[in-house]
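Reviewing the structure listed below.
First the proteins, then the strands, lettered A, B, ... as listed; each starts at 1. Because the structure is predicted, anything quoted here is derived from the model rather than measured.
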There are 2 protein chains.
Amino acid sequence: MSIRHGLLALLERGQMYGYQLRSAFEAETGATWPLNIGQVYTTLTRLERDGLVRGLPEHDGGQRPYEITAEGRTELALWFATPIAHADRPRDELAIKLALALTTPGVDVQSVVQTQRSATMRTLQQYTRLKKDDGELPWRLVLDSLIFQAEAELRWLDHCEASLVRFVPSTSPVPTAASAEEENVHERA
Amino acid sequence: MSIRHGLLALLERGQMYGYQLRSAFEAETGATWPLNIGQVYTTLTRLERDGLVRGLPEHDGGQRPYEITAEGRTELALWFATPIAHADRPRDELAIKLALALTTPGVDVQSVVQTQRSATMRTLQQYTRLKKDDGELPWRLVLDSLIFQAEAELRWLDHCEASLVRFVPSTSPVPTAASAEEENVHERA
DNA sequence: AGTGCCATGTAAGGAGTTACATGATTCG
DNA sequence: CGAATCATGTAACTCCTTACATGGCACT
């Protein structure tokens with residue numbers, strides 16, 4: 001629902017047409033999450049259908065501006081007033097991956113962790129490099145959010161590795177691997 | 001793509017049918033992200049279409065087990081070997097919301113931040129309460145991931161508030177009150 | 001004349017959610 | 001018997017992405 005409300009928020013600053021909305025959105029968030037232009041139009045259509053937005057007659061240059069409605073303002077105010085619950089956030093693919101890696105036969109969990117850490121460290125470095133450059137406040141806060149998250153991810157990966165060494169004997173194949181294969185049955189459903 | 005690969009990983013432990021897959025998935029991740037049963041079946045259909053999985057003849061009790069194919073094993077190994085890039089993660093709705101709140105007229109950013117912080121702190125407390133209870137390793141790591149992320153979010157919110165007081169004069173139109181209120185105390189998590 | 005950007009859309013499909021329909025089995 | 005749970009599916013819909021089609025306008 002972030003795009004839907006994001007467009008509403010942009011329209012609260014005044015009338016805008018589709019192409020403008022995309023530019024504005026990407027300007028705010030520093031093009032961190034590029035917004036497909038196609039989605040802007042389909043979302044605008046849905047917003048209009050739901051009465052949150054009103055499409056205006058086509059301008060000279062072929063531009064079709066939209067304006068927010070009273071109902072749209074109410075909806076927007078509600079969005080800003082309501083905290084984002086952790087329950088309705090998307091699944092964390094990395095957490096799922098590592099959790100499953102633990103019980104999947106033939107997967108070297110340690111190497112999964114370390115591969116991910118290298119990648120995350122690289123992106124973290126790119127983020128910190130970006131920080132020095134420019135700086136509109138909104139975009140800087142978004143960037144900081146990414147940095148904080150990446151740092152947390154690194155800490156978590158370290159934490160995982162520390163937990164692992166206590167449970168997984170070693171990276172090297174255990175000689176009792178043959179007997180360990182009897183554990184191949186699926187447990188309780 | 002997390003469900004697709006998640007199901008593949010579970011099937012690597014042996015044949016399973018749809019209902020079992022959902023239980024197993026939720027057991028691993030502690031029901032943090034409940035998995036809709038309908039999606040399991042549609043995903044299995046797509047996986048079979050793509051040759052990553054093979055549907056077996058119906059069992060006596062009406063259960064239709066699936067098994068992973070060689071191609072599926074390759075795909076799964078690739079998933080585990082490839083780090084998850086920050087680029088193709090879903091948009092962070094909270095970051096977008098705050099970034100837009102800054103430039104949206106009539107929005108009290110400070111209160112948005114504080115509302116969110118209260119909510120995040122509550123869920124963090126729930127998480128830490130959960131930690132004491134049980135403990136399969138995979139689920140515990142998932143929980144730790146959630147905790148680390150929530151803590152990072154709290155730090156970021158504090159950071160946002162600190163940045164705000166320097167740029168937004170104050171909620172009240174009196175400039176002298178703002179400078180007095182600048183050192184708004186928030187001890188970090 | 002051609003390249004490239006501005007601007008609006010549509011089509012096709014993946015992923016996910018909610019809801020519904022349908023049976024079998026199990027338990028009080 | 002009735003209710004709950006197990007088990008498989010389908011339908012409708014939102015959100016999002018990728019790709020395609022189309023036209024205007026500006027610059028070289």
Where do N or O atoms of nucleotides 17-20 of chain C meet protein N or O atoms at under 3.5 Å, pair by pair?
{"residue": "dT17(C)", "atom": "OP2", "partner": "Arg91(A)", "partner atom": "NH2", "Å": "3.4"}
{"residue": "dT17(C)", "atom": "OP2", "partner": "Gln39(B)", "partner atom": "OE1", "Å": "3.0"}

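Within the 4.0 Å cut-off from OP1 or OP2 of dC15(D), at least one side-chain nitrogen or oxygen of Arg46(A) is found. The phosphate of dC16(D) has neither OP1 nor OP2 within less than 4.0 Å of any side-chain N or O from Arg4(A). Regarding contacts with the backbone of dG14(C), a side-chain N or O of Arg49(B) is found under 4.0 angstrom from either OP1 or OP2.
Among residues two or more places apart in sequence or in another chain, the salt bridge (Lys or Arg N to Asp or Glu O under 4.0 Å) test is passed with Glu161(A) by Arg117(A). For the ring-ring contact (aromatic ring centres under 6.0 Å, His included) test, no residue two or more places apart in sequence or in another chain qualifies with His86(B). Every residue was checked against the side-chain hydrogen bond (donor to acceptor under 3.5 Å, both in side chains) condition with Glu71(A), not counting sequence neighbours, and none meets it. Evaluation of the salt bridge (Lys or Arg N to Asp or Glu O under 4.0 Å) rule for Asp92(B) yields no partner, not counting sequence neighbours. The side-chain hydrogen bond (donor to acceptor under 3.5 Å, both in side chains) check on Arg73(A) picks up Glu12(A), with sequence neighbours excluded. In this view, Leu56(A) and Gln15(A), Pro65(A), Glu67(A) satisfy the side-chain contact (heavy atoms from CB on, under 4.5 Å) rule, not counting sequence neighbours. By the salt bridge (Lys or Arg N to Asp or Glu O under 4.0 Å) test, Arg46(B) is found to be paired with no residue, residues two or more places apart in sequence or in another chain being considered. Under the side-chain hydrogen bond (donor to acceptor under 3.5 Å, both in side chains) criterion, Arg122(A) pairs with no residue, sequence neighbours left out. Qualifying side-chain hydrogen bond (donor to acceptor under 3.5 Å, both in side chains) partners for Arg91(A), counting only residues two or more places apart in sequence or in other chains: none.
Contact check of residues 15-22 of chain A against DNA chain D (heavy atom, cut-off under 4.0 Å) returns no residues at all.
Judged purely by distance below 3.5 Å, without hydrogens or angles, the side chains of Tyr66(A) and Arg64(A) pair a donor atom with an acceptor atom.
Checking dT14(D), dT8(D), dC16(D) against every side-chain atom of Tyr41(B), the shortest atom distance belongs to dT8(D).
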* Structure fact -> Given Watson-Crick and G-U pairs under 3.5 Å, DNA chain C in dot-bracket ([ ] crossing, | other strand) is ||||||||||||||||||||||||||||
